[in-house]
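These numbers were taken from a predicted model, which means no experiment stands behind them.
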Amino acid sequence: LQFVESGGGWAQPGGSLRLSCAVSGFTSPYYTIGWFRQAPGKEREGVSLIDTATGSTVYLDSVKGRFTIANDKAGNTVFLQMNSLQPEDTAIYYCAATLGTRLTLLATYFGSWGQGTQVTVSS
C-alpha cells in the first residue's frame, strides 16, 4: 500500500485542522484505516479508525466529540476532522491500514503505515 498524508500544521488551542490520507494499492475492497499519533517521549496511540466495509468507527476517549473520521465514497481517502484542538493533541499523526475489520486501536494490528504528518497546537 502507498499512503499520501496531508493537512497537518499549526493551530491555536480551540482551532481546527483536517488530515487526509489517500491510500492506493489495495488488493481487497475491505480495509480498516486508522489514525495514530505519537508525541515526543510518548508511545504511539490510536486516535480513530474506520472500517471501510461497514463504516464503523472507533475513537480514543480523549478525542470523542472533537474528532470525526470519514472516508470518501470510493473508500480510498480517509479524513480526520479535528476540532477544539488542545496542546495535548500535538504529535506526529500517522495513517495506517489493515486488511479486513479491526475495530481496535492497537498499532500492532496495522501492518501498513504512512510517513506521518506533524500537528502542533500552541498559542
Side-chain angles (χ1 to χ4, degrees):
L1 298 179
Q2 294 79 44
F3 297 81
V4 178
E5 298 161 319
S6 61
W10 173 83
Q12 290 185 331
S16 298
L17 288 172
R18 189 190 194 211
L19 305 182
S20 298
C21 175
V23 187
S24 60
F26 287 114
T27 58
S28 165
Y30 304 119
Y31 275 81
T32 299
I33 300 176
W35 285 99
F36 293 78
R37 67 187 181 187
Q38 189 164 19
K42 294 187 177 182
E43 293 187 356
R44 189 170 298 188
E45 66 176 353
V47 176
S48 183
L49 60 80
I50 185 166
D51 175 5
T52 62
T54 65
S56 298
T57 59
V58 176
Y59 293 94
L60 180 68
D61 282 348
S62 63
V63 308
K64 286 180 181 178
R66 301 190 298 123
F67 291 10
T68 303
I69 193 169
N71 61 325
D72 64 357
K73 288 185 177 180
N76 295 337
T77 301
V78 173
F79 307 97
L80 186 68
Q81 178 67 43
M82 305 185 295
N83 299 329
S84 302
L85 284 163
Q86 300 301 319
E88 51 266 33
D89 296 317
T90 295
I92 299 174
Y93 283 69
Y94 298 89
C95 183
T98 185
L99 183 65
T101 297
R102 287 283 192 178
L103 298 181
T104 304
L105 286 169
L106 288 178
T108 53
Y109 286 165
F110 290 77
S112 300
W113 292 81
Q115 78 284 358
T117 185
Q118 177 70 48
V119 170
T120 302
V121 184
S122 69
S123 54

Taking the six-membered ring for Trp, are Phe67 and Tyr93 parallel (under 30°), tilted (30 to 60°) or perpendicular (over 60°)? tilted
Hey, any chance Val4 and Leu1 share a hydrophobic cluster, counting ILVMFWY side chains that come within less than 4.5 Å of each other, even indirectly? no
Atom pair CH2/OG1 of Trp10 and Thr90 - distance to nearest 0.5 Å: 11.0 Å
Quick one: pull up CZ in Phe79 and CD1 in Ile69 and give me the separation to the nearest 0.5 Å. 11.0 Å
Of the non-hydrogen atoms in Gln81 and Ser16, which two are nearest, and what is the gap between them? NE2-CB, 3.9 Å
Looking at every heavy atom in both Ala97 and Ile33, which two are closest together, and how far apart are they? CB-CG1, 4.2 Å
Rounding to 0.5 Å, atoms CD1 (Ile92) and CD (Glu5) come to a distance of 10.5 Å
I'd like to check Arg66 versus Asp89 (side-chain heavy atoms, cut-off strictly below 4.5 Å). Are they in contact? yes
Compare every heavy atom of Gly8 with every heavy atom of Leu19, then report the nearest pair and how far apart it is. CD2-N, 3.5 Å
Go through Thr68 and Tyr59 one step at a time and tell me if the side-chain contact (heavy atoms from CB on, under 4.5 Å) criterion holds. CA-CA 8 Å; Thr68 303; Tyr59 293 94; 3.9 Å; yes
Residue pair Val23 / Val78, side-chain heavy-atom distance below 4.5 Å: no
Classify the ring geometry of Phe36 against Trp113: parallel below 30°, tilted from 30° to 60°, perpendicular beyond 60°. tilted
Over 12 non-hydrogen atoms of neighbours within 6.0 angstrom of CD in Gln115: yes
Mark yes or no for whether Ser56, through its side chain, and Asp51, through its backbone, hold a donor-acceptor pair below 3.5 Å. no
Interatomic distance, OH@Tyr31 vs CG@Asn76, rounded to 0.5 Å, equals 10.5 Å
What are the two closest non-hydrogen atoms of Tyr94 and Gly116, and how far apart are they? CD2-CA, 3.6 Å
Verdict with supporting geometry, Val119 and Arg37, side-chain contact (heavy atoms from CB on, under 4.5 Å): CA-CA 9 Å; Val119 170; Arg37 67 187 181 187; over 6 Å; no
Look up atom OG in Ser62 and atom CD in Gln86, then write down how far apart they are to the nearest 0.5 Å. 10.5 Å
Taking Asp72 for its side chain and Thr77 for its backbone only, find out whether a donor-acceptor pair lies under 3.5 Å. yes
Please name the pair of heavy atoms, one in Ala39 and one in Ala91, separated by the smallest distance, quoted to 0.1 Å. N-CB, 3.8 Å
pair Phe110-Thr32: side-chain heavy atoms closer than 4.5 Å: yes
Of the non-hydrogen atoms in Gly46 and Leu60, which two are nearest, and what is the gap between them? O-CB, 3.4 Å
Measure the spacing between OG1 of Thr108 and CZ of Arg44 and express it to the nearest 0.5 Å. 11.5 Å
Is there side-chain contact between Val47 and Leu105, with heavy atoms separated by less than 4.5 Å? no
